[in-house]
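Encoded as structure tokens, the structure appears first; notes follow it.
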Amino acid sequence: MCALPAGTREVCADCLKHPPQFDSVLAAAVYEYPLDSMIQAFKYGGDITLARPLAAILAERIQCDRLPDVIMPMPLSLKKERDRGFNQAMEIARQLPEALRRLVRADLERVIHTPAQAGLPLEERRRNVSRAFRSRETVRGKRVAILDDVMTSGATLDAAAGALKAAGAVEVHGWIIARALRPGRYRAPVSQRPRAG
């Protein structure tokens, strides 16, 4: 469900122990060199031109036979978006192929500015974002994909999925460019990509 390598299991032990509010995650690649450098140059270095190749990496992995009803880029708080000058997930969404781009809606909003997740233990990450999101429009009966650049613990995606399910979404899936693997816990060769699950 969380796109971490789970061996022969369909669902990893963490997802069995703490079922997430999202239904699955499609991760296009592992967050490692050279993709990590590319994402950092895009996100923190402001190189907006990198949105196009990042969108292409994700689009290549998406199965077009069963598209969601709506694609929602992961929102930033107003303060973070002002500081950065753009929302990286929205910039990636704008570069998706037309068949996907027409499904993009910015109805998910971040209503609470929270400290950065990096460096926080998992439980603090969950608390940090637990009430940070809401849906501006009803998504009753809809299947939603949340698009984001990187997934580390899954706490942000989980909180966003909870807000969308509270607004009536029947399914919420994560569409992620790169999945960060936990140091020392998972080993994946550069060529191995996490599978949706």
Side-chain angles (χ1 to χ4, degrees), residues 1-4 15 20-31 35 38-39 42-43 48-78 80-81 84-112 117 129 132-180 193-197:
M1 294 178 76
C2 65
L4 285 176
C15 289
Q21 297 183 79
F22 51 80
D23 295 282
S24 73
V25 176
L26 170 75
V30 174
Y31 185 69
L35 188 58
M38 190 175 166
I39 289 172
F42 168 53
K43 192 170 173 176
I48 301 290
T49 63
L50 292 171
R52 184 181 299 270
L54 291 171
I57 289 167
L58 180 61
E60 182 182 303
R61 292 295 310 276
I62 293 167
Q63 300 295 320
C64 291
D65 56 337
R66 189 160 189 255
L67 292 177
D69 301 304
V70 181
I71 300 169
M72 294 192 184
M74 182 67 78
L76 296 176
S77 69
L78 290 175
K80 188 171 279 187
E81 189 165 344
R84 185 168 294 159
F86 63 96
N87 175 339
Q88 71 274 6
M90 180 58 82
E91 294 304 320
I92 293 166
R94 287 182 174 135
Q95 298 301 322
L96 289 170
E98 174 60 29
L100 298 173
R101 205 168 51 241
R102 62 184 170 79
L103 302 177
V104 174
R105 289 187 6 208
D107 293 338
L108 182 63
E109 67 179 331
R110 193 161 189 149
V111 293
I112 299 172
Q117 294 281 77
V129 292
F133 300 96
R134 78 169 170 219
S135 180
R136 285 191 281 249
E137 298 291 331
T138 182
V139 286
R140 186 164 309 285
K142 304 278 188 200
R143 293 172 47 252
V144 182
I146 300 174
L147 187 155
D148 206 0
D149 58 339
V150 178
M151 179 176 168
T152 304
S153 71
T156 303
L157 178 61
D158 193 52
L164 290 170
K165 287 200 168 174
V170 293
E171 291 179 18
V172 179
H173 303 275
W175 284 5
I176 311 298
I177 305 294
R179 179 60 158 108
R193 293 177 171 181
R195 294 178 302 167

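Nothing fancy with the numbering, it's 1 onward along the sequence.
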Check: Val70 main-chain N/O paired with Lys142 side-chain donor or acceptor under 3.5 Å:
no
Quick check: do Asp107 and Val139 have side-chain heavy atoms less than 4.5 Å from each other?
no
Determine, stepwise, if the pair Leu35 / Val30 fulfils side chain to side chain contact (heavy atoms under 4.5 Å, CB included).
CA-CA 8 Å; Leu35 188 58; Val30 174; over 6 Å; no
Do Arg179 and Val25 touch side chain to side chain, with heavy atoms closer than 4.5 Å?
no
Cationic N near anionic O, under 4.0 Å, Glu91 to Arg84
no
Heavy-atom check, side chain of Arg94 versus side chain of Pro73, under 4.5 Å
no
Looking at Arg136, I'd like to know if its CZ atom is crowded, meaning that more than 12 non-hydrogen atoms belonging to other residues, nucleotides or ligands lie closer than 6.0 Å.
yes
Is any side-chain heavy atom of Pro68 closer than 4.5 Å to a side-chain heavy atom of His173?
no
Heavy-atom closest contact (Lys43 atom, Phe86 atom, distance):
O-CZ, 3.8 Å
Backbone N or O of Ala89 within a donor-acceptor pair of the Asp149 side chain at under 3.5 Å?
no
Has the side chain of Asp69 got a donor or acceptor atom that lies under 3.5 Å from a matching backbone atom of Arg143?
yes
Please give me the minimum heavy-atom distance between Leu100 and Ala59, naming the atom from each residue.
CD1-CB, 4.5 Å
Is the closest side-chain heavy-atom distance between Val172 and Met72 below 4.5 Å?
no
To the nearest 0.5 Å, how far apart are CG in Leu78 and CD in Glu109?
8.0 Å
Heavy-atom closest pair (Phe42 atom, Leu54 atom, distance to 0.1 Å) is CD2-CD1, 3.5 Å
Of the non-hydrogen atoms in Leu108 and Ala160, which two are nearest, and what is the gap between them?
CD2-CB, 3.9 Å
Side chains of Pro75 and Glu81: does their closest heavy-atom pair fall under 4.5 Å?
no
Rounded to the nearest 0.5 Å, what separates atom CD1 in Ile177 from atom CG in Leu147?
6.0 Å
Specify the closest pair of heavy atoms between Arg61 and Ala27, including all atoms of both residues, with the distance to one decimal.
NH1-O, 3.2 Å
Tell me if a side-chain donor or acceptor on Arg110 pairs with a main-chain N or O of Leu76 at a distance below 3.5 Å.
no
Does a side-chain heavy-atom distance below 4.5 Å link Ile92 with Met74?
no
Step by step, would you call Phe22 with Leu164 a side chain to side chain contact (heavy atoms under 4.5 Å, CB included)?
CA-CA 9 Å; Phe22 51 80; Leu164 290 170; over 6 Å; no
